[in-house]
Amino acid sequence: ETGVTQTPRHLVMGMTNKKSLKCEQHLGHNAMYWYKQSAKKPLELMFVYSLEERVENNSVPSRFSPECPNSSHLFLHLHTLQPEDSALYLCASSLVLEGAKNIQYFGAGTRLSVL
Amino acid sequence: GQSLEQPSEVTAVEGAIVQINCTYQTSGFYGLSWYQQHDGGAPTFLSYNALDGLEETGRFSSFLSRSDSYGYLLLQELQMKDSASYFCAVRDIRSGDSNYQLIWGAGTKLIIKP
């Protein structure tokens, strides 16, 4: 148990559906992240929130929409996805301090399949 | 561009020692981290090196040479439960003093045979 919980663990959706991924952390961290993990590729950082403000958006398509209502919760809203969006979506959190290690704690991920 | 290179797969025997290498090319450098991920599981933090040298944590050690932009993870007395993917990641210093970015390698799948 890492202290970061993601739901659902598996999701199958059609290209016209709208769904949301949820992440919750119980570690008192001040930053939360969404990553996309595809086989044999580096983790792709999608979004970063610090103190509920979005600080990074790495050129992610608008069909992915993040939401961070408070420091413990993070959502990723999905709509009109493409088959190439099928991947494992990982949420992480960390305590970001100047000069610190920025150790990230991950959830187990949501395995997304887009048909 | 910024990149980290690590072998895609390494095979070793139970009880042996294995070394997983990571070379990096980034615009800045704050430290090198290692994470372990079992199939179907979450990546979990293993170690962090900010200065040159060897850091030891039980059966796992991590080494860094900043002058060579190189590090490795050393696993001793391998156990079957060590079968997993291992990722190196560099904490980068970006413009605007962002503390948030980690640049990731593609991961090394460690296969352990009895």
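Every chain is numbered from 1 and lettered A, B, ... according to where its sequence line falls, protein lines coming before strand lines.
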- prompt: So what's closer than 4.5 Å to chain B heavy atoms on A:Gln6: side chain, backbone, both or neither?
  reply: neither
- prompt: What part of A:Leu90 lies closer than 4.5 angstrom to a heavy atom of chain B: side chain, backbone, both or neither?
  reply: side chain
With a 3.5 Å distance limit and no angle check, can you tell me whether [X] reaches the backbone of [Y] through a side-chain donor-acceptor pair?
X       : Y       : result
B:His38 : B:Lys81 : yes
B:Arg59 : B:Glu77 : yes
B:Asn49 : B:Ser62 : yes

field: Any residue of residues 105-115 of chain A which, by heavy atoms, sits under 4.5 Å from chain B
entry: A:Phe106, A:Gly107, A:Ala108
query: Most heavy-atom pairs under 4.5 angstrom with chain A, which of B:Gly41, B:Ala106, B:Ala42?
result: B:Ala106
- request: Quick one: which of B:Gly31, B:Gly107, B:Gly105, B:Ser33 has the most heavy-atom pairs under 4.5 Å with chain A, could you say?
  value: B:Gly105
If you round to the nearest 0.5 Å, how far is [atom2] of [Y] from [atom1] of [X]?
X        : Y       : atom1 : atom2 : value
A:Leu81  : A:Thr16 : CG    : OG1   : 10.5 Å
B:Ser61  : B:Ile17 : OG    : CD1   : 9.5 Å
A:Asn70  : A:Glu24 : CG    : CD    : 8.5 Å
B:Trp34  : B:Thr57 : CH2   : OG1   : 13.5 Å
B:Ile111 : B:Met80 : CD1   : CE    : 10.5 Å
A:Ile103 : B:Tyr35 : CD1   : OH    : 6.5 Å

query: Within residues 6-15 of chain B, which positions have a heavy-atom distance to chain A below 4.5 Å?
result: none
message: Among A:Phe75, A:Trp34, A:Tyr89, exactly one meets side chain to side chain contact (heavy atoms under 4.5 Å, CB included) together with A:Cys23. Which residue is that?
response: A:Trp34
query: Side chains of A:Ser20 and A:His77: do they bring a donor and an acceptor to under 3.5 Å?
result: yes
